[in-house]
Amino acid sequence: MSAAGGSRACATSRPAVAAWLLLALAAAAVSALALLPAAAGGFSCRPGSRPVLFNFGDSNSDTGGMAAAKGWHLTRPEGRAFFPRPTGRFCDGRLAIDFLCESLNISYLSPFLKALGSNYSNGANFAIAGAATQPRDVPFALHIQVQEFLYFRDRSLELIDQGLSGPIDAQGFQNALYMIDIGQNDVNALLSNSPYDQVIAKFPPILAEIKDAVQTLYSNGSRNFWIHGTGALGCLPQKLAIPRKNDSDLDQYGCLKTYNRAAVAFNAALGSLCDELSAQMKDATLVYTDLFPIKYDLVANHTKYGFDKPLMTCCGYGGPPYNYDFSKGCQSKDVAACDDGSKFVSWDGVHLTEAANAVVARAILSSQYSKPSLKFDQFCRA
């Protein structure tokens, strides 16, 4: 995307002006990226091998890790749209990563921490709800997730060396695709405690942790990476429900401009980091996907996707305009879910509905929002 020039602009003495420019560039992302030529080469697997996918992230791609870690017994309506039981996902059904797994014709990723019923033959999911990049040594920061992966890899290869059955062999780890989708919680925390200009200035440590994660994986033999930017934070009902003096910070679609400017600026800097890493790792393939224009479009053009309530929570409390109460989550006894989640963008005020996740996954698969323009479903395609 427009990452390289954007992050340099954010480093100038006028970050607000630069961020507005980045927001305008993000709005034009679809048409600009559609003109990019298809990149040569890219992901591949040895003949006859199966796709292997490892994911690192937060609740946007957590398929049950936090539920397993804390022993949470989630109840319906979580999972009702597909499974139809709760699976530890913060959603009424599938997440975007589940749809991506479907595109590879592999099983949904089992959480690394799920002791029973897990299948790691196609990879593992280290994403945990609430995860961030900092502090780096707390459960379950990105750094810890990478350390968990290295333990998983070493133990798998150790079993194979002993003549036992390991879920993935050495070539499987080397040829696997490594996805990173994290940073939203970091940016949200900064916005909750600092003025906008200070928030932008505090991005480098977050980016440094993502860089360290990629370089650590690369030094351990990983060669295929897919990095996701953050979404439209200013359109989350959770943020919109924060009391404000007036509506001067709302844009034409009812989203908070400050939060969205920060998201665009962060993605621009992350895109530049990915350019830097790609230049350094000549024998690796690294794809960066900007999720901001994808998720912002869910609100800006909601009728195109069949959504009626782009800024209102499906499973929440309090009624219009946002149906979000900070003291009552989707699992609270007196909270009821909407009748039809497919009409809503937001499931619980923070996470998307299955219907919205399906749109996000289709956009990722289109490659229009990715740099380079590699199609995700070409990875290890049978």
Determine whether F266 and F292 satisfy the following criterion, ring pair (Phe, Tyr, Trp, His ring centres under 6.0 Å), listing intermediate values before the conclusion. CA-CA 10 Å; F266 176 78; F292 180 87; over 10 Å; no
Does the side chain of E78 come within less than 4.5 Å of R89's, by heavy atoms? no
Judged by modelled atom types alone, do N60 and D181 share a side-chain donor-acceptor pair under 3.5 Å? no
Do Q331 and L74 have side chains that approach each other closer than 4.5 Å (heavy atoms only, starting at C-beta)? yes
For side chain to side chain donor-acceptor pair (under 3.5 Å), just list the numbers for N220 and R153, CA-CA rounded to whole Å, side-chain angles, deciding distance to a tenth of an Å, and then say yes or no. CA-CA 10 Å; N220 280 274; R153 183 207 60 180; 3.1 Å; yes
Apply side chain to side chain donor-acceptor pair (under 3.5 Å) to D283 and Y218, showing your working. CA-CA 10 Å; D283 59 338; Y218 177 77; 2.5 Å; yes
Rounded to the nearest 0.5 Å, what separates atom CZ in F149 from atom CG in L217? 6.0 Å
As an exercise, state the distance from CD1 of I144 to OG1 of T133, rounded to the nearest 0.5 Å. 12.5 Å
My understanding is that only residues two or more places apart in sequence, or in another chain, count here; which of them pass salt bridge (Lys or Arg N to Asp or Glu O under 4.0 Å) with D334? K328
What distance do W226 atom CH2 and C274 atom SG have between them, rounded to the nearest 0.5 Å? 11.5 Å
Indicate whether any N or O donor in one side chain lies under 3.5 Å from an N or O acceptor in the other, for Q174 and S222. no
Can a side-chain donor-acceptor contact be found between H351 and S346 if the only test is distance below 3.5 angstrom? no
What's the spacing between L270 CG and D290 CG if we round to 0.5 Å? 8.5 Å
Look at the side chain of K371 and the backbone N and O of G271, then say whether any donor-acceptor pair between them is shorter than 3.5 Å. no
More than 12 non-hydrogen atoms from neighbouring residues, nucleotides or ligands closer than 6.0 Å to CZ on R85, yes or no? no
L233, L240, V199 screened by side chain to side chain contact (heavy atoms under 4.5 Å, CB included) with Y259, the one that passes: L233
Do N119 and S110 pair up side chain to side chain, a donor and an acceptor below 3.5 Å, judged on atom types alone? no
Between D186 and I206, is there a donor-acceptor pair closer than 3.5 Å when you use the side chain of the first and the backbone of the second? no
Is there a donor-acceptor pair under 3.5 Å between the side chain of D62 and the backbone N or O of G65? yes
So, R223 side chain and A176 main chain: donor-acceptor pair closer than 3.5 Å or not? no
Any side-chain donor near an acceptor of the partner, T353 and D92, under 3.5 Å: no
For V264, does its backbone N or O pair with a side-chain atom of N260 as donor and acceptor, under 3.5 Å? no
Return the CD to CZ distance between Q238 and F326, rounded to the nearest 0.5 Å. 6.0 Å
Can you find a heavy atom in the side chain of Y288 that is under 4.5 Å from one in the side chain of N267? yes
Donor-acceptor pairs under 3.5 angstrom involving side-chain atoms of residues 305-316: please list them, not counting sequence neighbours.
| residue | atom | partner | partner atom | Å |
| --- | --- | --- | --- | --- |
| Y305 | OH | D297 | OD2 | 2.3 |
| T313 | OG1 | Y322 | O | 3.4 |
| T313 | OG1 | G349 | N | 3.3 |

Would you please say whether a donor-acceptor pair under 3.5 Å links the side chains of W347 and E354? no
Check whether the ring centres of F54 and F173 lie less than 6.0 Å apart, and answer yes or no. yes
Check whether any side-chain heavy atom of N357 sits under 4.5 Å from a side-chain heavy atom of R94, and report yes or no. no
Is a donor from one side chain sitting under 3.5 angstrom from an acceptor on the other, for Y296 and D251? yes
Is there a side-chain contact between T289 and I227, using heavy atoms and a 4.5 Å cut-off? no
Evaluate the side-chain proximity of L352 to L298: yes if any heavy-atom separation is below 4.5 Å, no if none is. yes
Residue pair N125 / L53, side-chain heavy-atom distance below 4.5 Å: no
Rounded to the nearest 0.5 Å, how far apart are NE2 of H228 and CD1 of I182? 13.5 Å
Any side-chain to backbone donor/acceptor pair from K257 onto S248? Under 3.5 Å, distance only. yes
Keeping S332 on the side-chain end and G329 on the backbone end, is there a donor-acceptor pair under 3.5 Å? yes
Would you mind reporting whether F152 and P167 have side-chain heavy atoms less than 4.5 Å apart? yes
Backbone N/O of C235 and side chain of Y253: donor-acceptor pair under 3.5 Å: no
Partner of L109 under side chain to side chain contact (heavy atoms under 4.5 Å, CB included), chosen from L100, D98, I97: I97
Set of side chain to side chain contact (heavy atoms under 4.5 Å, CB included) partners for L159, sequence neighbours left out: R155, Q162, L164
